[in-house]
Amino acid sequence: RNGTNLYFTRWEEDRWIEPQSIRGGVLFSKFIHSENETFLIDFSQRNNQYVFRVYDALNRPFVRQIYESNGMAACNSWDAAIDSDGKVHFVGTRSSAIFYGYYSPDGNENVIPIIQSQVDLYNASLAVDSENDPHIIYFSNNLTLRHAFSEDNEFLSRTVDEGRFSNTSIVIDVNDLITVTYYDTE
């Protein structure tokens, strides 16, 4: 099996079903789940283009592609989350920019660079609050851990901590309390 193909299977009743694959160029993948929906997300390179794809993971026989972004940039990290309306949010970092996008069940979609910087940005992690607003944790090579968030349809960013960090993670609870984990690499 080629290392750039994504294989997936599912347990049904008493056995694993025959693995299926998404061929070629898959760089990252993740399942995300809401109360009613499960999606398979992948970030892939195809024909020198980078794409973010959303698959309905509950469809039979297993998955059905329902969305593919246009012209994403090559990302060195990415994450995805689903909100209470079923909108899939995704984020990726690429050298000096963070790209944020979304796909919603009604067909609305957008991919935009939300942060442009003079320094390299890494390890984006994403969570969505009770108002369905995205929150992004990332770190930069100027030694800051940052929190980007949407307010009045604009992204703002503030410093969380200073130092050398990696492996960010963010979660938002039902009371909109934001918790972040990260590693100190110094």
Side-chain angles (χ1 to χ4, degrees), residues 25-34 39-45 48-54 67-85 87-104 108-186:
V26 176
L27 303 172
F28 307 102
S29 66
K30 178 179 184 176
F31 279 105
I32 57 176
H33 178 74
S34 71
F39 295 104
L40 171 64
I41 310 300
D42 84 40
F43 181 73
S44 303
Q45 180 180 10
N48 294 321
Q49 294 263 340
Y50 291 88
V51 296
F52 175 86
R53 296 182 293 200
V54 178
Y67 172 70
E68 181 171 305
S69 69
N70 293 317
M72 284 284 287
C75 293
N76 57 32
S77 69
W78 77 278
D79 199 7
I82 190 169
D83 69 23
S84 63
D85 293 332
K87 182 189 286 184
V88 177
H89 302 257
F90 53 95
V91 64
T93 58
R94 179 185 182 204
S95 55
S96 60
I98 293 180
F99 293 87
Y100 163 76
Y102 60 83
Y103 162 80
S104 64
N108 288 329
E109 51 113 346
N110 195 11
V111 178
I112 55 172
I114 59 166
I115 296 173
Q116 301 277 341
S117 172
Q118 298 302 311
V119 298
D120 287 342
L121 307 171
Y122 304 96
N123 283 85
S125 296
L126 172 71
V128 181
D129 65 23
S130 65
E131 298 294 318
N132 296 332
D133 290 324
H135 293 260
I136 301 163
I137 294 295
Y138 64 96
F139 70 92
S140 65
N141 68 355
N142 70 349
L143 306 180
T144 58
L145 181 67
R146 308 276 304 167
H147 170 218
F149 56 98
S150 178
E151 188 172 284
D152 298 324
N153 294 320
E154 180 180 346
F155 273 90
L156 305 174
S157 180
R158 59 184 167 214
T159 299
V160 175
D161 200 351
E162 295 181 356
R164 293 187 186 277
F165 305 114
S166 68
N167 300 335
T168 62
S169 180
I170 181 173
V171 66
I172 302 175
D173 72 12
V174 295
N175 298 312
D176 284 337
L177 176 65
I178 300 170
T179 304
V180 177
T181 64
Y182 51 98
Y183 291 96
D184 180 351
T185 61
E186 292 186 298

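Quick caveat: nothing in here was measured; it's all calculated off a predicted structure.
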Test Val160 against Arg146 for side chain to side chain contact (heavy atoms under 4.5 Å, CB included), laying out the working first.
CA-CA 5 Å; Val160 175; Arg146 308 276 304 167; 5.8 Å; no
Separation of [Y] [atom2] from [X] [atom1] (nearest 0.5 Å):
X	Y	atom1	atom2	value
Asn167	Tyr183	CG	OH	5.5 Å
Phe149	Glu154	CZ	CD	9.5 Å
Asp184	Asp161	CG	CG	8.0 Å
Asp79	Ile137	CG	CD1	11.5 Å
Phe90	Ile136	CZ	CD1	11.0 Å

Hey, does the side chain of [X] reach the backbone of [Y] with a donor-acceptor pair shorter than 3.5 angstrom?
X	Y	value
Asp133	Glu151	no
Ser125	Ile170	no
Asp173	Asn175	yes

For the rings on Tyr100 and Phe155, is their centre-to-centre separation under 6.0 Å?
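Tyr100 vs Phe155: aromatic centres under 6.0 Å.
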Looking only at side chains, do [X] and [Y] share a donor and an acceptor under 3.5 Å apart?
X	Y	value
Ser157	Tyr138	yes
Tyr102	Asp83	no
Ser130	Asp176	yes

Would you name the heavy atoms of Asn132 and His89 that are closest together and state the gap between them?
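Taking every non-hydrogen atom into account, O-CE1, 3.7 Å.
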Of the non-hydrogen atoms in Ala127 and Ala81, which two are nearest, and what is the gap between them?
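In this case the closest contact between Ala127 and Ala81 is CA-CB, 4.4 Å.
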Side-chain heavy-atom pair Val128, Lys87 within 4.5 angstrom cut-off:
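Result no, sub-4.5 Å side-chain heavy-atom pair not found.
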Is the shortest heavy-atom distance from the side chain of His135 to the side chain of Ile178 under 4.5 Å?
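The answer is yes; the side chains approach within 4.5 Å.
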